[in-house]
Amino acid sequence: MTLLPEWAPQDAIQLAWPHSHSDWAPWLPDATQLYVTLCRMISQYQQLLIAVDPTVDLATVKAQCEAVGCIMDNIHWQLIPTNDTWARDHGPITVSRQGELQCLDFQFNGWGNKFSWQKDNNISRQIAQANMFAAPLVQQDLVLEGGSIEWDGQGTLMTTKKCLLNPNRNPTLSAEQIENALIEAFNAEQILWLTHGDLLGDDTDAHIDTLARFCSPNHIAYVKCFDETDVHFPELQAMEAELTKARNFQGQAYQLVPLPLPPARFNQENDRLPLTYANFLITNQQVIVPIYGCETDQQALDQLVPVFPDRKVVGLDCSVLVEQFGSLHCITMQLPKGVLA
């Protein structure tokens with residue numbers, strides 16, 4: 001059994017639609033517009049599977065999508081109660097066992113019971129009950145979010161100690177037991193544990209997908225802080241040193257691709273928002289990169305272009321997403337080829 005990397009061929013991208021009874025209420029028009037735009041970008045090339053809370057006016061949403069040119073035949077809507085929209089963390093994680101796909105349904109507890117989670121933890125089961133998955137959904141006892149792990153496709157799982165060893169996830173398990181559970185679930189040969197790296201405003205306790213990402217079996221894109229006066233500078237410098245020392249299972253160093261940390265941005269409560277370019281989404285034809293209307297946007301896009309020669313690297317303004325302390329990768333989950341019924 002092995003975890004499928006994000007660049008493996010996909011059937012669809014799974015989303016959960018924002019609604020007025022979620023924390024999106026203050027920004028709902030902007031959040032909805034972002035989702036509509038994202039659906040247009042993805043539906044040109046592949047399918048979407050979208051959980052929609054029953055309180056949403058689905059006819060209006062469909063009309064908005066149609067108006068911007070979405071390929072409506074490529075969008076599958078499922079009316080399912082949702083707390084929020086972070087599909088990366090409640091969505092199924094797909095593995096291949098002797099050529100047969102399985103969707104692993106790990107437990108989601110709102111990043112350590114910080115937010116309501118009971119509805120979101122049930123989304124994958126309801127999608128499976130609606131016969132939307134061709135692959136079986138296999139329940140897992142471990143609390144684990146998709147945003148907390150990265151996979152190089154060659155046996156190495158990358159994650160952070162701040163997240164996966166946090167007692168708010170699996171308090172009864174030791175570090176050794178958690179590592180063994182990961183190795184067993186994903187047939188990993190080794191786990192690359194990062195001890196440094198964290199963004200202010202990140203509610204996830206340092207999800208790896210905000211910090212460092214595998215782009216291929218031998219490339220890691222990561223957040224680099226160039227401003228020595230920024231509070232993030234020492235931690236991100238230390239993370240860079242860890243990545244420089246990291247080796248794949250064959251003992252080779254990874255090629256590192258630095259992505260600039262965007263300039264500091266704060267919300268109305270003066271909380272720093274966790275802007276990051278590492279939170280990009282790999283689809284069949286595109287790499288969709290969150291941008292924020294910053295002077296560093298183009299630099300980040302330019303850094304990723306050579307790493308993805310077979311895909312178009314495109315930016316999508318995700319300023320509204322960081323208002324809720326997440327970004328693009330956080331709201332999406334890829335469904336590899338063969339998962340969608």
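Residue numbers start at 1 and run along the sequence shown.
Side chain of Q44 to backbone of G69: a donor-acceptor contact under 3.5 angstrom is found. A donor-acceptor pair is defined here as one N or O able to donate and one able to accept, closer than 3.5 Å; no such pair exists between the side chain of N284 and the backbone of P9. Judged by distance alone, the side chain of E235 and the main-chain N or O of V231 form no donor-acceptor pair under 3.5 Å. A distance-only check finds a donor-acceptor pair linking the side chain of D120 to the backbone of D84 [under 3.5 Å].
Checked against the 6.0 Å centroid threshold, Y35 and W17 count as a close aromatic pair.
A side-chain donor-acceptor contact under 3.5 Å links T82 and H19. For the 3.5 Å distance criterion, the side chains of D152 and Y254 qualify, holding a donor opposite an acceptor. When only modelled atom types and interatomic distance are considered, Q107 and N121 share a side-chain donor-acceptor pair under 3.5 Å. Using modelled atom types and a 3.5 Å distance limit, the side chains of S327 and Y277 yield no donor-acceptor pair. Between the side chains of Q334 and R88, at least one donor-acceptor pair of N or O atoms lies under 3.5 Å. No side-chain donor-acceptor contact under 3.5 Å links H196 and E242. For the residue pair N122/Q118, the side-chain donor-acceptor check at 3.5 Å is not satisfied. Using modelled atom types and a 3.5 Å distance limit, the side chains of W193 and T159 yield no donor-acceptor pair. Side-chain contact of D105 with Q139: a donor-acceptor pair under 3.5 Å is present, judged by distance alone. With 3.5 Å as the limit, one finds a donor-acceptor pair spanning the side chains of S216 and H219.
Heavy-atom minimum distance, I282 versus E6: N-OE2, 2.8 Å. Closest non-hydrogen pair, L275 versus L199, comes out as O-CD1, 4.1 Å. Looking at every heavy atom in both residues, E240 comes nearest to L256 through O-CD1, 4.5 Å. For the residue pair A206 and T160, the shortest heavy atom distance occurs at O-OG1, 2.7 Å.
Relative to the ring axis of Y222, R213 does not place its NZ or CZ within 45° and under 6.0 Å from the centre.
In terms of hydrophobic clustering, with Ile, Leu, Val, Met, Phe, Trp and Tyr side chains grouped at heavy-atom distances under 4.5 Å, L261 and I291 are assigned to a common cluster. By the rule that hydrophobic residues join a cluster once side-chain heavy atoms approach within less than 4.5 Å of another member, V223 and L192 end up as members of one cluster.
Within a 6.0 Å sphere centred on CG of D57, heavy atoms belonging to other residues, nucleotides or ligands number more than 12.
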- Go through D205 and R169 one step at a time and tell me if the salt bridge (Lys or Arg N to Asp or Glu O under 4.0 Å) criterion holds. CA-CA 10 Å; D205 307 305; R169 304 299 206 280; 2.6 Å; yes
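Tested against W111 for a side-chain hydrogen bond (donor to acceptor under 3.5 Å, both in side chains), the candidates D203, D89, D202 yield a single pass: D89.
Using a cut-off of 4.0 Å between Lys/Arg side-chain N and Asp/Glu carboxylate O, R265 and E323 are scored as not salt-bridged.
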